[in-house]
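Structure first, commentary second.
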Amino acid sequence: MTVRQSIVFNGDLGSGKSTVSVEIAKRLGLRRVSVGDLYRQMAQERQMTALQLNLHAELDQAVDGYVDQLQRDIAASGESLVMDSRLAWHFFTDALKVHMITEPTEAARRVLARPSGPAESYTTLEEARAKLRERSESERNRFIVRYGVDKARLRNYDLVCDTTRANPEQVIQHVVDVYEGRLGADVLRAGQPLLLLDPTRVYPTEDVAELRGSWDGEHTGDETVEPLSIGYTGEYFFVVDGHRRLSAAVRGGVPLVPARLVAEVDEPVVGGMSAVDFFAAQARPSLIHDWQDAHGTALPLPEHALLGGGPVLAGEPGAGV
């Protein structure tokens, strides 16, 4: 069993980092440090919202400087702990680096439902979604300018977990299994991030008609199955290899399916074609509609499909960009 020294959490606002990190710290008997709590306290002391403090920090390096030094000191101390921080993955070397994601409307719904404070409050779902996105982009831009790192790059992390449909207990158990070496060890040893994805949010790049003959022959829900091979555009996850396993996971109601990252954004998938270009070429509207019809799911049409022309009926030949 391989156990890393610390676990550091980063991820989308509303993805459940606090809930998961608090419980994992209890189970493993580790101290938990939340940089988010510290930022909210700083915002309250300055009579600002969390978003206002983020925007202020883009101009005043002292805000980040204090928190950065705190994280450097903790990382250098050698203490095993659980860290809830947007940037701890940049400062910690010997740690399991966990990035949590969730569907934006679901994230806004969660944030809107929890008790609000003076540093963070929203009145409508639309406002919450817009403000969460603005706050996240503010952080991302600040980190790129100040540190030269992009928090949106999945290769910064060891584990990427989609919490859209998985409940906290499922997420907690998966993270602990990865931390203690029972899940995803082969993927991590290969230097790749392990992805635990909501199968209903992954896009196909192959015609569903080619899968129907094999539907009764494969079962998913067991983490010992071969991980899917996945590409990522920076917004959308798509299958490069493993459509049958993905289909089985969707039909079986599995909330999380293991996967390995093949390429993201500008990295090549096949034949020198980038993840973005491959997805635009393969994920045609008709293909997406047919997949939805076969599985009873709803995948939003990606931007390239919406810009490709008028409405496309499921199964319509020649659909595409």
Side-chain angles (χ1 to χ4, degrees), residues 1-37 71 74-75 77-102 106-107 110 151 154-199 201 220-228 230 237 245 249 252-261:
M1 181 174 70
T2 301
V3 178
R4 303 205 190 195
Q5 191 167 31
S6 295
I7 308 178
V8 297
F9 286 90
N10 150 279
D12 295 345
L13 298 156
S15 62
K17 296 186 306 301
S18 297
T19 300
V20 170
S21 62
V22 166
E23 184 58 32
I24 285 180
K26 289 179 183 177
R27 293 194 188 185
L28 299 179
L30 301 176
R31 182 166 74 100
R32 174 182 176 270
V33 176
S34 171
V35 170
D37 289 346
Q71 293 183 90
I74 293 173
S77 73
E79 177 187 1
S80 295
L81 47 71
V82 173
M83 195 87 178
D84 180 352
S85 162
R86 305 266 196 275
L87 202 57
W89 56 269
H90 180 58
F91 297 112
F92 282 71
T93 53
D94 186 18
L96 177 69
K97 302 175 182 182
V98 182
H99 181 60
M100 293 172 61
I101 62 176
T102 197
E106 174 61 21
R110 293 175 185 175
K151 70 171 189 172
L154 301 187
R155 294 198 190 278
N156 292 322
Y157 312 106
D158 301 304
L159 172 62
V160 178
C161 185
D162 188 341
T163 70
T164 302
R165 289 191 308 128
N167 64 47
E169 179 56 37
Q170 291 167 327
V171 175
I172 290 163
Q173 190 56 57
H174 279 78
V175 173
V176 171
D177 285 345
V178 174
Y179 179 69
E180 295 183 342
R182 293 187 294 271
L183 175 62
D186 290 345
V187 175
L188 296 178
R189 274 196 295 270
Q192 300 171 315
L194 173 67
L195 312 179
L196 295 175
L197 301 178
D198 179 345
R201 298 218 301 139
T220 292
D222 179 0
E223 278 79 16
T224 62
V225 300
E226 178 68 17
L228 307 176
I230 293 289
F237 291 97
R245 279 164 279 154
V254 177
L256 291 170
V257 63
R260 68 180 79 239
L261 181 66

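With rounding to the nearest 0.5 Å, the separation of CG in L96 from OH in Y179 is 8.0 Å. Rounding to the nearest 0.5 angstrom, the gap separating the CG atom in L195 from the OH atom in Y157 is 13.0 Å. The CH2 atom of W89 sits 11.0 Å away from atom CD of Q71, with the distance rounded to the nearest 0.5 Å.
Side-chain contact check for Q5 versus L30: every heavy-atom pair is 4.5 Å or farther apart. Side chains of H99 and N156 form no contact here, defined as non-hydrogen atoms less than 4.5 Å apart. Between V20 and V98 the shortest side-chain heavy-atom distance does not fall below 4.5 Å. Inter-residue side-chain proximity for V257 and R245 is flagged as unmet; no heavy-atom pair is nearer than 4.5 Å. You'll find the side chain of I24 reaches within 4.5 Å of the side chain of F9, heavy atoms only. A 4.5 Å side-chain heavy-atom check between P168 and E23 finds every atom pair outside the cut-off. Contact of the R27 side chain with the Q173 side chain is registered, since non-hydrogen atoms from C-beta on lie closer than 4.5 Å. In this structure, the side chains of D94 and F92 stay at 4.5 Å or more apart for every pair of heavy atoms.
In this structure, K17 contributes its side chain and N10 its backbone to no donor-acceptor pair below 3.5 Å. Using a distance-only test at 3.5 Å, with no hydrogens or angles considered, no donor-acceptor pair links the side chain of D198 to the main chain of D162.
Summarising the geometry of S15 relative to M100, their closest heavy-atom pair is O-CE, 3.3 Å, with the distance given to 0.1 Å. When all heavy atoms of P255 and R165 are compared, the closest pair comes out as CA-NH2, 3.6 Å. Heavy atoms only, all atoms of each residue included: P258 and L196 are closest at CA-CD2, 3.9 Å.
Salt bridge status for E226 with R260: present, with a side-chain N to carboxylate O gap under 4.0 Å.
Looking at residues two or more places apart in sequence or on another chain, you find a side-chain hydrogen bond (donor to acceptor under 3.5 Å, both in side chains) between D186 and R189. Here E106 pairs with R109, R110 under the salt bridge (charged side-chain N to carboxylate O under 4.0 Å, His left out) rule; sequence neighbours left out.
Side-chain contact of S6 with S80: a donor-acceptor pair under 3.5 Å is absent, judged by distance alone.
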